[in-house]
Amino acid sequence: MQIEIIVSTPCRAWLTDLPDAVAIGQQTVAAVLRQAGLTGTVIEVGVTLTDDVEMRRLNRDYRQSDKATNVLSFLGDSGDGPAHGGPLLLGDIVLAHGVVGAEARTQGKSLHDHYCHLLVHGTLHLLGMDHMDENEAQTMEAREVAILADMSISDPYDLPGQRLSLDVK
């Protein structure tokens, strides 16, 4: 499997607060794709590290929710369309700097760990997983926890006295 992960940083604050954000993003998304067992194909994923203003616009335009959110995933090629000879464009993941940073502080996590968690979560959405009902949510959360454990990142859902809510679609 050949993987191309393109991380763009229109919000430079990401690189101020997490200087290795591009490399971390590429490594994290690649780890999820490898764990998913995708083989024999060329896969491309885009990651955009943006600010809260742009994320609010995207969330409003695509989800009809007029607020910034932490992460959004946008599906690319479905794999069942006409062959085009290029890579499978799995999709794009967009993260909002202010929201992600505030959540990390509130939850007592490092920005690195929360960033990795949201990348894993967003990539699993690109792979077809969702959390619209309790069974789906439990399955997706278990997969996230396992992938993050392989990366030496603790369970992001293990928050004393609270249940983590990801407003992601």
Side-chain angles (χ1 to χ4, degrees), residues 1-36 38-39 41-79 81 84-107 109-131 140 143-144 147-148 150-153 156 164 166-169:
M1 168 178 55
Q2 180 183 343
I3 303 170
E4 184 171 2
I5 299 147
I6 302 162
V7 180
S8 62
T9 56
C11 175
R12 303 302 287 176
W14 277 101
L15 298 177
T16 300
D17 293 344
L18 195 61
D20 294 336
V22 171
I24 294 165
Q26 291 169 329
Q27 293 163 1
T28 302
V29 173
V32 177
L33 297 176
R34 279 192 303 274
Q35 191 272 348
L38 299 177
T39 58
T41 187
V42 180
I43 298 172
E44 184 176 303
V45 175
V47 175
T48 302
L49 305 179
T50 194
D51 60 24
D52 291 5
V53 172
E54 177 62 9
M55 182 61 93
R56 180 179 180 175
R57 184 192 70 73
L58 291 169
N59 203 25
R60 182 185 61 238
D61 291 354
Y62 292 96
R63 293 187 59 225
Q64 294 69 54
S65 180
D66 192 15
K67 65 177 185 171
T69 190
N70 50 16
V71 60
L72 291 172
S73 296
F74 296 94
L75 291 174
D77 292 342
S78 66
H84 53 71
L88 171 64
L89 305 174
L90 198 58
D92 294 295
I93 303 165
V94 184
L95 293 100
H97 179 266
V99 174
V100 173
E103 287 176 348
R105 286 187 297 278
T106 298
Q107 297 169 13
K109 300 175 184 175
S110 70
L111 180 60
H112 171 276
D113 288 1
H114 194 47
Y115 173 58
C116 290
H117 174 219
L118 294 174
L119 284 169
V120 168
H121 187 89
T123 305
L124 290 176
H125 273 298
L126 295 181
L127 293 171
M129 295 193 81
D130 213 334
H131 46 85
M140 189 168 179
R143 187 124 174 236
E144 290 171 13
I147 293 167
L148 291 167
D150 286 345
M151 299 170 61
S152 301
I153 296 174
L164 181 62
L166 289 175
D167 180 27
V168 182
K169 179 72 177 159

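This structure is a prediction, so every number in the text was calculated from the model and none was measured.
Here the closest heavy-atom approach between residue A104 and residue S110 is recorded as CB-O, 4.0 Å. The two residues K109 and P156 come nearest to each other via the heavy atoms NZ-O, 3.2 Å. Smallest separation of non-hydrogen atoms from L49 and V47: CD2-CG1, 3.9 Å. The two residues H114 and V100 come nearest to each other via the heavy atoms CD2-O, 3.4 Å. Here the closest non-hydrogen pair linking S73 and G122 is OG-O, 3.0 Å.
Between L148 and H117, the closest side-chain pair of non-hydrogen atoms falls below 4.5 Å. A heavy-atom distance below 4.5 Å is found between the side chains of L33 and L127. Considering only heavy atoms from C-beta on, Y115 comes within 4.5 Å of L18 through its side chain. Two residues are said to be in side-chain contact when any heavy atoms from C-beta on lie closer than 4.5 Å; L126 and L75 meet this criterion.
With sequence neighbours left out, D66 forms a salt bridge (charged side-chain N to carboxylate O under 4.0 Å, His left out) with R56, R60. By the side chain to side chain donor-acceptor pair (under 3.5 Å) test, E54 is found to be paired with R57, residues two or more places apart in sequence or in another chain being considered. The side chain to side chain donor-acceptor pair (under 3.5 Å) test applied to D17 returns H97, not counting sequence neighbours. Applying the side chain to side chain donor-acceptor pair (under 3.5 Å) rule to Q35 yields the partners R143; only residues at least two apart in sequence or on another chain are considered. Legend: residues meeting side-chain contact (heavy atoms from CB on, under 4.5 Å) with A96, ordered by chain and number and at least two apart, are D52, M55, V99.
Rounded to the nearest 0.5 Å, atoms CG (L119) and CD1 (I147) are 11.5 Å apart. One finds the CD1 atom of I3 at 12.0 Å from the CD atom of E44 (value rounded to the nearest 0.5 Å). Atoms CG and CD1, on D113 and I153 in that order, are 4.5 Å from each other to the nearest 0.5 Å. With rounding to the nearest 0.5 angstrom, the CG atom of L95 is 7.5 Å from the CG atom of N70. Taken to the nearest 0.5 Å, the CH2 atom of W14 stands 5.5 Å off from the CG atom of L111. Between the OG1 atom in T9 and the CG atom in L15 there is a gap of 4.5 Å [rounded to 0.5 Å].
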*asked:* Run the side chain to side chain donor-acceptor pair (under 3.5 Å) test on H125 and H121 for me, step by step, so that the C-alpha distance in whole Å, both residues' side-chain angles and the decisive distance to 0.1 Å come before the verdict.
replied: CA-CA 6 Å; H125 273 298; H121 187 89; 3.2 Å; yes
*Test V32 against L124 for side chain to side chain contact (heavy atoms under 4.5 Å, CB included), laying out the working first.*
CA-CA 7 Å; V32 177; L124 290 176; 3.9 Å; yes
_For a side chain to side chain contact (heavy atoms under 4.5 Å, CB included) check, start with the C-alpha distance between E4 and V42, then their side-chain angles and the critical distance, and finish with the verdict._
CA-CA 8 Å; E4 184 171 2; V42 180; 5.9 Å; no
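No side-chain donor-acceptor contact under 3.5 Å links D92 to the backbone of F74.
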Show me the donor-acceptor pairs within less than 3.5 Å that the side chains of residues 20-30 make with the rest of the protein, sequence neighbours left out.
unit_1: Q26; atom_1: NE2; unit_2: I5; atom_2: O; d: 3.2
unit_1: T28; atom_1: OG1; unit_2: I24; atom_2: O; d: 2.8

